[in-house]
Amino acid sequence: MSHHNHDHGSSTGQGPSSMPGDMDMGNGTMGMMMMYFHGGFKETILFEQWQTTTVLGFVFSCVAICVIAFLYEGLKQLREYLFCKQSVTLYASQAQNDHNDIGTSPSDVRFTAGSTWTQAILSRWHVIQTLLHTVQVFVSYLLMLIFMTYNSYLCTSVIIGAAFGYFCFGWARRRIVDISDHCH
């Protein structure tokens, strides 16, 4: 059977009904993802269901993205705060149990909450940190994918939300944590 009359397009995706950069979306429609910074308010953000077709919808989406980026910075600070709190608690516990060991450093008390590796890995602190880390990674990838729409307004929303979040939460970050200091 001869196929010479069928139009299969070229290997570069440039057939008569397609343009460079077009992709088959699987439903017979062709869409183009702009791989450069652009403006406009008609965007699909993360999911097919999150499409903006009006300026007001786009503005609300930008505000939502700012809030997500803001909360992401808060989540990072919360994880650091909980880690410091855990370190102080473990260090105090170690100091009470073994007050004669002067050479104990914060890194040495990593597993003192439980006497075994299994107890330490299944501790409440570690489970909470793992769950928060999972949420942090998930949100960070969502923000990255939003940025990768290359819509200038959406990118700016991510940056403004992250900057404002760091401004509000980052001041509490301790440069050096001295867990022997009782004034924390």
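- A continuous path of hydrophobic side-chain contacts links Y81 to I128 [ILVMFWY only; heavy atoms under 4.5 Å].
- Partners of T52 under the side chain to side chain donor-acceptor pair (under 3.5 Å) rule, at least two apart in sequence or in another chain, do not exist in this structure.
- Note that CZ of F147 is 11.5 Å distant from CE of M144, once rounded to the nearest 0.5 Å.
- Both L46 and Y141 are assigned to one and the same hydrophobic cluster, defined by single-linkage of ILVMFWY side chains at heavy-atom distances under 4.5 Å.
- One hydrophobic cluster holds both L142 and L132 under the rule that ILVMFWY side chains link at heavy-atom gaps under 4.5 Å.
- Between the SG atom in C168 and the CD atom in Q77 there is a gap of 11.5 Å [rounded to 0.5 Å].
- Hydrophobic clustering keeps V158 apart from F60 (ILVMFWY residues linked when any side-chain heavy atoms are closer than 4.5 Å, directly or through intermediates).
- A continuous path of ILVMFWY side-chain contacts below 4.5 Å connects M148 to M35, so both sit in one hydrophobic cluster.
- To the nearest 0.5 angstrom, L122 atom CG is 10.0 Å from T130 atom OG1.
- The two residues A69 and A162 make their nearest non-hydrogen contact at CB-N, 3.5 Å.
- Of all non-hydrogen atoms in I146 and I65, the two that sit nearest each other are CG2-CD1, 3.7 Å.
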| said: For L78 and L82: C-alpha separation, side-chain torsions, deciding distance, then whether side-chain contact (heavy atoms from CB on, under 4.5 Å) applies. | reply: CA-CA 6 Å; L78 173 65; L82 291 176; 4.1 Å; yes
Inset, instruction - Show your reasoning for whether side-chain contact (heavy atoms from CB on, under 4.5 Å) applies to V59 and Y153. - result: CA-CA 9 Å; V59 168; Y153 302 112; over 6 Å; no
Fill in: K76/F169 under side-chain contact (heavy atoms from CB on, under 4.5 Å): CA gap, chis, key distance, verdict
CA-CA 9 Å; K76 290 188 340 185; F169 299 114; over 6 Å; no
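- To the nearest 0.5 Å, the span separating CZ on F138 from CG on L75 amounts to 12.5 Å.
- Considering only residues two or more places apart in sequence or on other chains, Q136 meets the side chain to side chain donor-acceptor pair (under 3.5 Å) condition with R79.
- With sequence neighbours excluded, the residues satisfying side chain to side chain contact (heavy atoms under 4.5 Å, CB included) with V139 are I68, Y72, V135, L143.
- Taking the six-membered ring where tryptophan is involved, the planes of F58 and F41 are perpendicular, since the angle between them exceeds 60° and thus also 30°.
- Between C66 and S157, the shortest heavy-atom distance links the atoms SG-O, 3.2 Å.
- Heavy-atom minimum distance, E43 versus L154: CG-CD1, 4.3 Å.
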